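Here the structure is laid out as structure tokens; the discussion comes afterwards.
To find a chain, count down the sequence lines: A is the first, B the second, and so on, and within it residues start at 1. Everything numeric in this text was worked out from a predicted model, so none of it was measured.
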Amino acid sequence: MMTMSSDETALSPDDAAAAVAVAAANSAVNSIPSLKEDDHQLHSFVNHHQTQNHHQNQNALHQQQQHFLQQHQQHQQHQQHQQQHQQNQQRMPQAQQQQQHHQQQHQQHPGHVPGIGTNHQYDLLTGTATPEADLLESGSRKVAPRSSDLFKVGPPFSETRHHQDIYCKSNDLDVNPILEARIDRGFETGENGTWIGYKRNYFTLVAAFSLENFDFDRFIQNKFYTFEKASRNGQSVGENKVEINYFAIRLVAKCSDDDVSISLIQHTAKRDKGPQFPPPIYPAVPGEMPDHETVKASCNKRNGSKIENMNKIFYFDRSDYYHTVNLDSMKDDTILKNYPSDSISRIARFERIQFTSSIRVKQTSANSRYFTLHVELLGIVEDEDLQIQPILLSSIETPPLIVRGRSPSNYHKERTSGYRGHLQGH
DNA sequence: TGCGACACATAATC
DNA sequence: GGATTATGTGTCGC
């Protein structure tokens with residue numbers, strides 16, 4: 001039994017079991033040994049974070065297994081998050097409602113706009129202040145750490161961009177993959193349409209893919225292939241047809257300037273007290289995006305049945321599927337059998353993600369530097385040596401994102417750093 | 001100057 | 001309804 005650090009305490013046995021399954025999935029993906037071309041990112045992605053992980057408190061064996069453990073723990077988290085919430089709008093204090101209303105006029109509201117004075121702001125919120133007063137203060141009020149207000153829909157993603165074509169194995173039909181994703185926490189708009197996040201704060205993102213004109217049954221009934229660019233010593237030498245073992249979704253960040261590929265880190269709910277790891281790569285089957293409220297409701301759940309319900313939304317239970325279609329798993333000859341675990345994602349959910357502290361976030365002049373988040377659909381294939389490796393099939397990306405650093409100037413609306421107009425309560 | 005670490009505070013969750 | 005948890009952010013000191 002592996003140790004799981006402090007997170008373990010919050011888990012039910014069910015969670016642990018599910019986590020093991022998911023971890024198995026990730027271990028397979030993460031054992032991907034060699035990468036090509038644009039996948040070098042993934043390579044460094046994984047390696048970098050292995051070395052970067054400060055909290056290897058588990059008695060891990062070698063790197064790969066460490067990573068496995070990381071993924072494991074990470075997924076325990078995911079298991080923890082479950083449903084329940086609702087439009088808290090109805091039960092939030094009047095003043096807050098007004099604030100929110102105001103904010104929504106600017107799409108996503110400022111919410112956690114950090115303010116200077118801390119405590120008095122909370123006081124205003126919790127009781128004594130009039131709505132008017134709150135409105136006036138809203139620009140400098142910050143949202144409390146656990147406030148559900150922190151969940152806001154972020155910027156829309158681009159249309160799906162294709163990198164490698166996908167074909168049906170049976171009839172060579174060209175298949176059109178569609179990626180969807182949404183940021184559910186951590187970004188808000190400035191007045192001029194820029195999207196702003198805070199380096200110190202978490203963001204949440206969900207993603208799913210589908211194949212055009214393929215419902216789930218049709219997906220299951222088919223196998224797919226693509227082409228990998230073959231190269232020798234950096235020289236392109238054509239393409240090889242390769243069967244896609246299974247699909248996976250990953251999240252990467254890119255910078256407008258340099259190529260900082262390793263710029264995301266994920267925490268556990270324990271944050272400083274827990275381990276950190278790169279966002280996982282989710283083996284996934286086609287799925288439908290959950291709505292914002294569902295994602296919101298899925299966070300920080302510890303109740304077993306709630307977790308279970310959430311897992312039904314976010315994960316595909318292969319065993320259950322075999323059972324319902326009365327199929328012997330040993331006789332499965334579909335793409336499903338290639339997936340690396342019994343816990344396969346319908347929806348890739350990335351929670352508690354932050355830009356790594358190693359990234360530089362300066363933003364004195366207007367357009368100095370920005371980031372974009374990219375959700376990628378990967379085809380996991382085997383190369384000549386039967387080594388598993390991912391091929392980038394398609395991707396979507398956010399518009400430019402401003403990530404505000406830790407500078408105090410970013411935490412005082414009076415010192416307008418350029419994008420705080422929306423915070424003002426008038 | 002920016003960052004790791006620690007600390008405080010507070011809504012969500014059970 | 002009290003205890004615990006998760007997390008925005010204030011702060012210290014390198």
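Taking 3.5 Å as the limit, the base of dT5(C) and the side chain of R146(A) contain a donor-acceptor pair of atoms between them.
Contact between the side-chain N/O atoms of N201(A) and the OP1/OP2 oxygens of dT9(C) is found at a separation under 4.0 Å. For the OP1/OP2 pair of dT10(B) and a distance below 4.0 Å, the side-chain nitrogens and oxygens of S147(A) include no atom meeting the criterion. Using a 4.0 Å cut-off, some side-chain N or O of R185(A) falls inside it from OP1 or OP2 of dG8(C). Side-chain nitrogen and oxygen atoms of N303(A) include none within less than 4.0 Å of the OP1 or OP2 phosphate oxygen of dT13(B). The phosphate of dA12(B) has OP1 or OP2 within less than 4.0 Å of a side-chain N or O from S148(A). Remark: K199(A) is not in phosphate contact with dT9(C), judged by side-chain N or O atoms under 4.0 Å from OP1 or OP2. Distances shorter than 4.0 Å separate some side-chain N or O of K270(A) from OP1 or OP2 on dA6(C).
Proximity of the aromatic rings of F350(A) and Y282(A) is defined here by a centroid distance below 6.0 angstrom, and this criterion is met. The distance between the ring centers of Y339(A) and Y246(A) falls below 6.0 angstrom.
F355(A) and F203(A) have tilted rings, their planes meeting at an angle from 30° to 60° on a 0 to 90° scale.
A donor-acceptor pair under 3.5 Å is formed between the side chain of S298(A) and the backbone N or O of V295(A).
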